[in-house]
Number of protein chains: 2
Amino acid sequence: MSGTRERIVEATSALFMERGFSGSGLKQICAASAAPMGSLYHFFPGGKTELAAETLRSSGRAYQLLVEAILDAAPDIVTGVGDCFTGAAETLRASDYADACPIATVALEVASSDEALRRVTAEIFENWVCSAASRFAAAGVNPARARELAIVVLAALEGGFLFSRAARSTTAMEAIGRSMTDHVAAALRS
Amino acid sequence: MSGTRERIVEATSALFMERGFSGSGLKQICAASAAPMGSLYHFFPGGKTELAAETLRSSGRAYQLLVEAILDAAPDIVTGVGDCFTGAAETLRASDYADACPIATVALEVASSDEALRRVTAEIFENWVCSAASRFAAAGVNPARARELAIVVLAALEGGFLFSRAARSTTAMEAIGRSMTDHVAAALRS
DNA sequence: GTCTATAGCTTGATAGAC
DNA sequence: GTCTATCAAGCTATAGAC
């Protein structure tokens, strides 16, 4: 049960957030996870693509569980959505704007240049949308609208990460969070 | 007035959208723009960073002018916002999901790893927000709210590019566009 | 499973002829 | 201003001893 494999995946996830897919070298990943090159290719014979696919799936799942936990802990869905945005803002500040979406950077890099990885990112986003949509529907939003609402809220969260990281300020994330709580509240009333 | 310099910047912009900053090599850029290596360093003695900064500024300005033209051509601001999203969706489909935001991919790549380029992307986004906010204010939105509204609409547009490119489908962009027109209309009524 | 060494290629950048 | 040749360093990937 050597933790080497897990260490490699964790180091890859962190490097992907800081430098993206092309900017993260396998040597750098090995150094960051204190793993030799041979171990990386032992666990991931498919090389960088296989490692990236597993890293994206793993951090995508972890991120989904985090959001679900925040939504389920809140007294109502509107508060829960607000908590996601304030939590994202706090995490950004606490991590010096490094700990953001673990998928977006790589997703944009590979969208037009690596079909296998593009499919992986599409699957992760689809899981996120389904997860959020089911929460909105359970909270009383018309099921057909619930999916659209999930798409909008998650897209706005991604835009918030982009603007907040670029500006090194969380004012964008906070403004977007306010708008999204209003938007979800309006959807509940209709 | 050798067009070599312009060709280099244009090729760089296209490659940044398709493969990002780290994924675009200078040799690739020279090949795509039919320019020799020596010319690239003649025009951009600061190397890849200087070329990237100028490319980002140039395509950021062009993108802003495009959005402003769409907004100003529309009969009202709500229609104009809707036109931006349907236009983005059409452009994505027509370009096989390659022609999207010219800044976002690079902005995420450099946010935590290249301070000089991070500042450039922050400045571009700030210009976009100011431009959109002034249109919203001119349409009758309370000036304090106009800036927040601009941030939300642009962030949602960026999230729409991300989800639509990953899924190779414009349904996300279209759903987000519908929500944003509703959101802008609501801001006008309040 | 772990580790070292290295092949083969590409990267960003430079030098110097023209 | 243009172009070629080249450098040192980085990359992904592999081979093979332990």
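The sequence lines fix the lettering, A, B, ..., with proteins before strands; numbering per chain opens at 1. Note: hydrogens, waters and symmetry copies are ignored here, and every other heavy atom, side chains too, is used. Computed from a prediction, not measured in an experiment: that's the story for all the values here.
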Taking only the side-chain heavy atoms of Y41(A) (C-beta and beyond), determine which of dT2(C), dT14(D), dT4(D) contains the nearest atom.
dT14(D)

Main-chain N/O of I8(A) paired with T12(A) side-chain donor or acceptor, under 3.5 Å:
yes

Terminal axes of the helix from dG1(C)-dC18(D) to dC18(C)-dG1(D) (five pairs each): angle between them, nearest 10 degrees:
10°

Distance in angstrom units between L26(B) CG and dC9(C) P, rounded
21 Å

Do NZ/NE/NH1/NH2 and the carboxylate oxygens of E158(A) and R165(A) come within less than 4.0 Å?
no

Would you say a side-chain N or O of S39(A) is under 4.0 Å from OP1 or OP2 of dG1(C)?
no

Measure the acute angle between the ring planes of F163(A) and F125(B), then classify it against the limits of 30° and 60° as parallel, tilted or perpendicular.
tilted

Tell me what S22(B) touches on the nucleic acid: a base, only sugar-phosphate, or nothing, going by heavy atoms under 4.0 Å.
nothing

To the nearest Å, give me how far apart CG (L15(B)) and P (dT11(C)) are.
11 Å

T49(B) near the nucleic acid: base, sugar-phosphate alone, or nothing, with a heavy-atom cut-off under 4.0 Å?
nothing

R118(B) bridged to E115(B) by N-O distance under 4.0 Å
yes

Length of the CZ-P vector between F21(A) and dC11(D), whole Å:
13 Å

Residue P36(B), side-chain atoms from C-beta onward, closest of dC3(D), dA5(D), dG1(D)
dC3(D)

Of the nucleotides dT11(C), dT2(D), dA5(D), which one has an atom closest to the side chain of T4(B)?
dT2(D)

Could you tell me whether a side-chain N or O of W128(A) sits under 3.5 Å from a main-chain N or O of G60(A), the two making a donor and an acceptor?
yes

Is the closest basic N to carboxylate O distance between E174(B) and R93(B) below 4.0 Å?
yes

In this structure, how many angstroms lie between the P atom of dA17(D) and the CE atom of M37(A), rounded?
20 Å

Using only heavy-atom distances, determine whether the side chains of Q28(A) and S24(A) contain a donor-acceptor pair under 3.5 Å.
no

Interatomic distance where NE2 belongs to H42(B) and P belongs to dG12(C) [whole Å]:
20 Å

Which sits closer to the 5' end of DNA chain D, G38(A) or G23(A), going by the nucleotide each is nearest to?
G23(A)

Atom CD1 of I29(B) and atom P of dT10(C): how far apart are they, to the nearest Å?
16 Å

Please determine whether a side-chain nitrogen or oxygen atom of K48(A) lies at a distance below 4.0 Å from atom OP1 or OP2 of dT12(D).
yes

